[in-house]
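Just follow the structure's listing: the first ligand is 1, and inside any ligand the first atom is 1.
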Amino acid sequence: MFQLIDLPFRENELEPVISAETIALHHGKHLATYVNNLNNLLPGSGLEELPLEEIVTKANGGIFNNAGQILNHNLYFEQLQAPRDVNCPMGALATAIEEQFGSFEAFKEKFTTAATTLFGSGWAWLASDAEGTLHILQMPNADNPATKGLKPLMTMDVWEHAYYVDYRNRRPDHIAAMWKILNWQIIEQRYIL
Ligand code: MN
């Protein structure tokens, strides 16, 4: 049985970037529903004993959609923290970003374009391959870089439920604000481990 993760922050701690109301809905309703759905679908599937990362590479249909959404949201919520005005990566990940994209600002611009132009519901990802090379991906619906053999490092949720209460249809404004609440220590750990 999969469990709903605890948030590493209080519901109001991401304000004004994300409201307590959005966090309560996003975690307590949307993510909780994916967890309940997956726990109902798994018995008899032959996938019951596998971790989420493996389920998403093997399943399709409802099991894939719900397992993917749990994996994606766990990665999303665990990489967030209270807003800070100056917020950028350090260490090996910062070096890789500078080498590949020229600068953190150039990377931000490229990732922002991926997140804002993704059509419909989905996720923008920063991922790395076996050589440590970085990739920016647009993935629809419940998809995750693990389905392409890549390691997910950082993500922005561009399903409307992630921002509609706070930003209505202004997805670009939400994406622009998200840079203040990324926990780059967590993201860096994902890169180096
Ligand atoms: Mn979501």
J.: Ignoring hydrogens and angles, tell me if any N or O in the side chain of Glu78 forms a donor-acceptor pair with the backbone of Pro8 under 3.5 Å.
T.: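 Not confirmed, Glu78 side chain does not pair with Pro8 backbone.
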J.: List the steps and the verdict of side-chain contact (heavy atoms from CB on, under 4.5 Å) for Arg190 and Gln79.
T.: CA-CA 10 Å; Arg190 293 172 180 167; Gln79 63 169 18; 3.7 Å; yes
J.: Do the side chain of Tyr191 and the main chain of Gly132 share a donor and acceptor less than 3.5 angstrom apart?
T.: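 Judged by distance alone, yes, a pair lies under 3.5 Å.
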J.: In terms of heavy-atom contacts, does NZ of Lys108 have more than 12 from other residues, nucleotides or ligands at under 6.0 Å?
T.: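 Yes, because the 6.0 Å sphere around NZ of Lys108 holds more than 12 heavy atoms from other groups.
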J.: What protein N, O or S atoms come within a distance below 2.8 Å of the Mn ion (ligand 1), ordered by chain and number?
T.: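 Those protein N, O or S atoms (cut-off: under 2.8 Å from the Mn ion (ligand 1)) are His26 NE2, His73 NE2, Asp157 OD2, His161 NE2.
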J.: Checking Trp184 against Phe104 for the ring pair (Phe, Tyr, Trp, His ring centres under 6.0 Å) test, could you report, in this order, the C-alpha distance in whole Å, the side-chain angles of both residues, the deciding distance, and whether it holds?
T.: CA-CA 12 Å; Trp184 284 104; Phe104 180 57; 5.6 Å; yes
J.: Hey, is the main chain of Thr112 close enough, under 3.5 Å, to the side chain of Thr116 for a donor-acceptor pair?
T.: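 Checked: pair present.
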